[in-house]
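Below is one structure, written out as structure tokens; comments come after it.
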Amino acid sequence: MKCIKLTEKCFYFQGAVNIGYIMSSNYGMLIDAGLDPQTAKKVCRQLTAQGFPLSHLFITHAHADHYGGAAYIQENHPVHTYASKEEAAILTNPILEPLYLFQGNKPLPELRNKFLEGAPIIIDEVVTEGKHQFGDVLFECMAFPGHSLMQFGVIADGILFAADAYFGAEQIKKHKIPYIIDAEDTLKSLEKLLTIECLGAVPGHGNYEEAFQETVKLNIEYHHYVLSVLLDILSSSPHTHEQVIQKMCRHFGVNPSSLSSWLLFRTAIMAYATMLIKDQKAEMVIEDAILYLKS
């Protein structure tokens, strides 16, 4: 992972999942920890090689690709770890992620993988929105729910570490149906991003941009497009839960071949459906013990 300097205090390790870093004096805070111990080890080696301190760790949200390396960091460095209350519940009990993806059933062994469940970690301090301090560094936490229950971004020294509040343009094209758990919250978080004044932003997936607002607008447009596709599918006739997932996947050209992948798409598609239901553009009905969605 390449370490990129953004300001005198802010850096980020560019990779499939970006990891932020804020430094001042004798203190240094990583923002997220990557997918696994190997990723975290590479980042820690680079910090050591450059003489950068590591005293704190901030986990933006409890998805394994963002915290999977955190246990390694805690085992090898005396870090003070932050997270929101909601995300901390999963970070300390990681089985909760495959549990909710599997609709509350105890997950099958194939769902207990590193992509859905990282090693449990200790949260030393639960943070809320607002200004906080580690050592002599002042940073601000900002809530961006939608992709997860209570994802937090971090802004310091004019740089916004936005986590998965938005995705880079290439990532939107790649995943086609972005993973979210609430479309309404996702759109509100994106609108919130447009109000933030800063030098630039680092998404969880994608490149640092000074004019990140254009990418945020692209995200907003894309989510509305996904909603329109779903509404169009539902307008033809009532569809079962599985039929909705199948037709959405066919439309966007995705073919989930594993249970993990199918469950992730199911969750995202139902997040969009839930927004349509809340807006009274669609409804759920149960007939003969079958769940249908219709406009």
### Message
Could you go through Q14 and N207, starting from their C-alpha distance and side-chain angles, then the distance that decides it, and tell me whether this counts as side chain to side chain donor-acceptor pair (under 3.5 Å)?
### Response
CA-CA 8 Å; Q14 189 180 59; N207 298 324; 2.9 Å; yes
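- V244 and V226 fall within the same hydrophobic cluster, where Ile, Leu, Val, Met, Phe, Trp and Tyr residues are linked whenever their side-chain heavy atoms come under 4.5 Å apart, directly or through other members.
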List the steps, then state whether side-chain contact (heavy atoms from CB on, under 4.5 Å) holds for I155 with C198.
CA-CA 8 Å; I155 187 166; C198 58; 3.9 Å; yes
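- Within 6.0 Å of CD on Q280 lie no more than 12 heavy atoms contributed by other residues, nucleotides or ligands.
- P256 approaches S261 most closely through the heavy-atom pair CB-OG, 3.4 Å.
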task = Applying side-chain contact (heavy atoms from CB on, under 4.5 Å), run through C44 and I73 and close with a yes or a no.
result = CA-CA 8 Å; C44 290; I73 293 173; 4.0 Å; yes
Take H147 and F167 through the ring pair (Phe, Tyr, Trp, His ring centres under 6.0 Å) test and state the conclusion after the steps. CA-CA 11 Å; H147 176 71; F167 298 103; 5.6 Å; yes
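- In this structure, CG on L276 lies 11.0 Å from OH on Y272, to the nearest 0.5 angstrom.
- Put simply, I121 and L35 are part of two different groups of oily side chains (I, L, V, M, F, W, Y) that touch within less than 4.5 Å, one to the next.
- To the nearest 0.5 angstrom, H223 atom NE2 is 13.0 Å from S228 atom OG.
- Environment of CG in N26: sparse, with no more than 12 heavy atoms of neighbouring residues, nucleotides or ligands closer than 6.0 Å.
- Put simply, NZ on K281 and CE on M275 are 7.0 Å apart, with the number rounded to the nearest 0.5 Å.
- S189 places no side-chain N or O within 3.5 Å of a backbone atom of A165 that could act as its donor or acceptor partner.
- Between N18 and Y208 the shortest side-chain heavy-atom distance does not fall below 4.5 Å.
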Item to complete: Begin from the C-alpha positions of K247 and H239 and carry the test side chain to side chain donor-acceptor pair (under 3.5 Å) through to its verdict.
Response: CA-CA 10 Å; K247 288 198 172 185; H239 290 72; 3.0 Å; yes
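- When each of Y27, Y82, Y21 is paired with F139, the ring pair (Phe, Tyr, Trp, His ring centres under 6.0 Å) condition holds for Y82 and for no other.
- For residues 6-24, the pairs satisfying salt bridge (charged side-chain N to carboxylate O under 4.0 Å, His left out) are K5-E8, with sequence neighbours left out.
- The two atoms that bring D157 and L199 nearest to each other are O-CD1, 3.9 Å, heavy atoms only.
- In this structure, V17 is not a member of the same hydrophobic cluster as I59, with clusters built from ILVMFWY side-chain heavy atoms closer than 4.5 Å.
- Under the 4.5 Å side-chain criterion, counting only non-hydrogen atoms from C-beta, L101 is in contact with L116.
- By the rule that hydrophobic residues join a cluster once side-chain heavy atoms approach within less than 4.5 Å of another member, L96 and F102 end up as members of one cluster.
- Between the Q151 side chain and the F144 main chain, a donor and an acceptor come within less than 3.5 Å of each other.
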- Go through the steps to decide whether E184 and K188 satisfy the test salt bridge (Lys or Arg N to Asp or Glu O under 4.0 Å), and finish with yes or no. CA-CA 6 Å; E184 183 179 9; K188 286 180 179 178; 3.5 Å; yes
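- Across N219 and L190, no two heavy atoms sit closer than the pair CB-CD2, 3.8 Å.
- Rounded to the nearest 0.5 Å, atoms CG (L194) and CZ (F212) are 7.5 Å apart.
- Within the 4.5 Å cutoff, side-chain heavy atoms of V154 are placed close to those of I22.
- Here the closest heavy-atom approach between residue G118 and residue A64 is recorded as N-CB, 3.9 Å.
- Ring geometry, W262 versus H241: the interplanar angle exceeds 60°, so the pair is classed perpendicular (tilted spans 30 to 60°).
- Ring-centre distance between H66 and H205: below the 6.0 Å cut-off.
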message: With side-chain contact (heavy atoms from CB on, under 4.5 Å) as the criterion, how do S260 and N113 come out once you've worked through the C-alpha distance, each side chain's angles and the decisive distance to 0.1 Å?
response: CA-CA 9 Å; S260 296; N113 59 67; 3.4 Å; yes
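- Contact of the T81 side chain with the E125 side chain is not registered, since no non-hydrogen atoms from C-beta on lie closer than 4.5 Å.
- At distances below 3.5 Å, at least one donor-acceptor pair connects side-chain atoms of Q243 with backbone N or O atoms of T240.
- Atom OG of S295 sits about 11.5 Å away from atom CD1 of I277, to the nearest 0.5 Å.
- Residues K41 and Y72 have side chains in contact (heavy-atom distance under 4.5 Å, counting atoms from C-beta outward).
- Between F11 and F52, the distance separating the two ring centers is shorter than 6.0 angstrom.
- Residues L293 and L230 are not in side-chain contact: their nearest non-hydrogen atoms beyond the backbone lie 4.5 Å or more apart.
- We find the CD1-CG distance between I181 and L264 to be 12.5 Å, quoted to the nearest 0.5 Å.
- Classified by interplanar angle (parallel below 30°, tilted 30° to 60°, perpendicular above 60°), the ring pair F134/H56 is tilted.
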Q.
Under the criterion salt bridge (Lys or Arg N to Asp or Glu O under 4.0 Å), I'd like the reasoning laid out for D182 against K278: C-alpha separation, chi angles, the key distance, then a yes or no.
A. CA-CA 11 Å; D182 190 293; K278 287 180 178 178; 3.6 Å; yes
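- Under the 4.5 Å side-chain criterion, counting only non-hydrogen atoms from C-beta, V43 is in contact with M1.
- Counted within 6.0 Å of CD on Q133, heavy atoms from surrounding residues, nucleotides or ligands total more than 12; the atom is thus considered enclosed.
- Remark: P94 pairs with Y67, E117, P120 by the side chain to side chain contact (heavy atoms under 4.5 Å, CB included) rule, at least two apart or across chains.
- Taken together through direct or relayed side-chain contacts under 4.5 Å among Ile, Leu, Val, Met, Phe, Trp and Tyr, M284 and I286 form part of one hydrophobic cluster.
- Counting heavy atoms from C-beta on, the side chains of V202 and L6 come closer than 4.5 Å.
- Ring centers of Y179 and H63: under 6.0 Å apart, within the cut-off.
- Contact detail for L149 and E87: the closest heavy-atom pair is N-OE2, 3.3 Å.
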Can L263 and R266 be said to form a side-chain contact (heavy atoms from CB on, under 4.5 Å), step by step?
CA-CA 5 Å; L263 289 172; R266 180 203 67 82; 4.1 Å; yes
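- Heavy atoms only, all atoms of each residue included: P178 and I172 are closest at CG-CD1, 4.1 Å.
- Ion pairing between E129 and K192 holds under the 4.0 Å rule for side-chain N and carboxylate O.
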